[in-house]
Amino acid sequence: MTEKQAQTFDPIEMSSQQFELASCYIGELRTGLIDFLKHPKRISIVNFPVEMDDGSVQSFQGYRVIHNTVFGPGKGGIRFHPDLTMDEVISLAKLMTWKCALVNIPFGGAKGGVICDTKLLSESELRRITRRFTSELAANIGPNIDIPAPDMYTNEQTMAWIFDTYDVLHPGKNNRPVVTGKPIEMGGSFGRHEATGNGVYHLTERFLSKGLLADQQTVAGARVAIQGFGNVGAVSATTFHKNGALIIAVSDSQGGIYRQSGFDPAELLAFKAEHGTVVGMPDSLTLTNDDLLQVDCDILIPAASSHQIHQNNAHNINARVIVEAANSPLTPEADKILSERGIYVLPDIIANAGGVTVSYFEWVQNQINQQWDLDEVNTRLQKTMHRVLDLVFSRWQGFVVGEKTATNDTDSKNIDLNKPVFRSIALSIAIERVAKATLIRGIWP
Ligand code: NAD
């Protein structure tokens, strides 16, 4: 399935199905509250003109969605992608709400992006798009309102442009906390660039230590396949490799490669920097992206785009654990098929939460004008990832051993509620926390 076809999935419907299933593991939720938690608080749509390098003018559309602010200002990435849709941004903003609640940071969920193909744009065109988009968002972003971060096809440079534009428009204040994922020289945090990939590693190592895979209780020796070799995929590859895993397959938007004896990620990075893709790496077999997902491996890490594993290919997955570094790489149908096949899935809301965790550390450092050293950031990150895995795992275990029972019935999907997937349990904890905080704050007026 190509990336374009993958977008035909309905992201709102999928997040509703996940929400419904998760609510089976929650004591009680008031109906009106459920509706409130399902829908975004605010949606901004902006259209703006940009002058291109050849003197022509092109119109762009961008979105920023805040899903929930019960715990604090909005937080979430900005994505530049030709297939971006508002529905996808809404569902990603929701994910951010649950992710922030799970790792216990005082942010709500948000997400945004611009429909554009960065591969067809020059650096100066990208800078003009970013600046104009930032100015169009106007008062909708701010250090205590909504704080963007990098996501697909945006990076530290994009964040520096957003900060600079915002700072010019709001002089005389400490505006550094308006975005995270900035370059170190501009108030970025040590360890932020690597945070999501490192977090994927810390979560996986903790999961393996629980012993569900009797013969694979550490990452050492595990055969790992990674879809996507951008920021998150490449850092994950590097960290897993450093800790003894074999990176047997990786891919990017142009295709995949396989080597049974494993790749050195440093060599892959050098090859990609020279050739623009990992495809063609010496001593490797070339794969399609669908082949990559079906490689026989211990750990499969989707680290590219949404809806890559679905009802048509979930039966062919040959991994023992899937760790969702990307946001929403699996559809609910895939969740069900994989669960029936005994393949564990560590869901995005915990697996890639390292990014927002260190974004929060960056925001705190900016607020107090400090820069923590790398060890401090990494130690805090590791603790957070281990804590969130422990939290979700022990609640999951409670349902599996029958100490807890599902409270609601779902008629629709023929799902055995006594065999919950980690996603439902993680979501149930997050939804419960946000619901409880909403009631404690008191519904206004
Ligand atoms: P990126 O733009 O740096 O990298 C994306 C990579 O995916 C590129 O290598 C691209 O070639 C590849 N790719 C795109 N389509 C593909 C396809 N169909 N098959 C295989 N490869 C494909 O983006 P990123 O920041 O690494 O983000 C990757 C995923 O991780 C996204 O889903 C994003 O939402 C999620 N995520 C990122 C962060 C972060 O801190 N950057 C945090 C949380 C979640």
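In this chain, residues are counted from 1 in sequence order.
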Side chains of residues 137-150: which donor-acceptor partners sit under 3.5 Å, not counting sequence neighbours?
residue	atom	partner	partner atom	Å
N140	ND2	S44	OG	3.0
D146	OD1	R64	NH2	2.7
D146	OD2	R64	NE	2.7

Return the [atom1] to [atom2] distance between [X] and [Y], rounded to the nearest 0.5 Å.
| X | Y | atom1 | atom2 | result |
| --- | --- | --- | --- | --- |
| F48 | R128 | CZ | CZ | 12.0 Å |
| L330 | S306 | CG | OG | 11.0 Å |
| D164 | R127 | CG | CZ | 10.0 Å |
| M152 | H81 | CE | NE2 | 4.5 Å |
| I34 | S16 | CD1 | OG | 11.5 Å |
| E333 | Q17 | CD | CD | 5.5 Å |

query = Does E432 have any salt bridge (charged side-chain N to carboxylate O under 4.0 Å, His left out) partners at least two apart in sequence or in another chain, and if so, which?
reply = R395
inquiry  = Holding to ring-ring contact (aromatic ring centres under 6.0 Å, His included), I want the full list of residues that pass it with F229, two or more places apart in sequence or in another chain.
reply    = none
task = Could I get the full list of ring-ring contact (aromatic ring centres under 6.0 Å, His included) partners for Y344, not counting sequence neighbours?
result = F207
Does [X] reach the side chain of [Y], with side-chain heavy atoms less than 4.5 Å apart?
| X | Y | result |
| --- | --- | --- |
| M385 | N198 | no |
| V224 | C297 | no |
| Q216 | I299 | no |
| N175 | F163 | yes |
| T196 | N231 | no |
| L389 | K210 | yes |
| E324 | N352 | no |
| T384 | F361 | yes |

Side-chain ([X]) to main-chain ([Y]) donor-acceptor, under 3.5 angstrom:
| X | Y | value |
| --- | --- | --- |
| D252 | V278 | yes |
| Y25 | L417 | yes |
| Q371 | G188 | yes |
| R132 | F60 | no |
| E362 | K182 | yes |
| R341 | A314 | yes |
| W372 | S189 | no |
| T85 | E88 | yes |
| N313 | H310 | yes |
| N318 | Q294 | yes |

key: R176 vs M186, side chain to side chain contact (heavy atoms under 4.5 Å, CB included): CA-CA, chis, key distance, verdict   = CA-CA 8 Å; R176 285 190 167 191; M186 280 313 315; 4.2 Å; yes
query = Would R79 and T154 count as having a side-chain donor-acceptor pair, cut-off 3.5 Å?
reply = no
In terms of ring plane angle, is the pair [X] and [Y] parallel, tilted or perpendicular, where the classes change at 30° and 60°?
| X | Y | value |
| --- | --- | --- |
| H170 | Y166 | parallel |
| F240 | Y201 | perpendicular |
| W98 | H67 | perpendicular |

request  = Carefully, step by step, assess V46 and F133 under the rule side chain to side chain contact (heavy atoms under 4.5 Å, CB included).
outcome  = CA-CA 8 Å; V46 293; F133 178 51; 3.7 Å; yes
query = Is the number of heavy atoms from other residues, nucleotides or ligands within 6.0 Å of NZ (K38) greater than 12?
reply = yes
Check: residues 103-119 side-chain donor-acceptor pairs under 3.5 Å, at least two apart:
residue	atom	partner	partner atom	Å
K111	NZ	D151	OD1	3.0
D117	OD1	K119	N	3.0
K119	NZ	S253	OG	3.0

inquiry  = D35: which residues meet the side-chain hydrogen bond (donor to acceptor under 3.5 Å, both in side chains) condition with it, sequence neighbours left out?
reply    = none
query = When you check the gap from the basic side-chain N to the acidic O, do K99 and D348 get nearer than 4.0 Å?
reply = no
ask   = Going through the distances and angles, do V356 and C100 end up as a side chain to side chain contact (heavy atoms under 4.5 Å, CB included)?
value = CA-CA 7 Å; V356 75; C100 293; 4.0 Å; yes
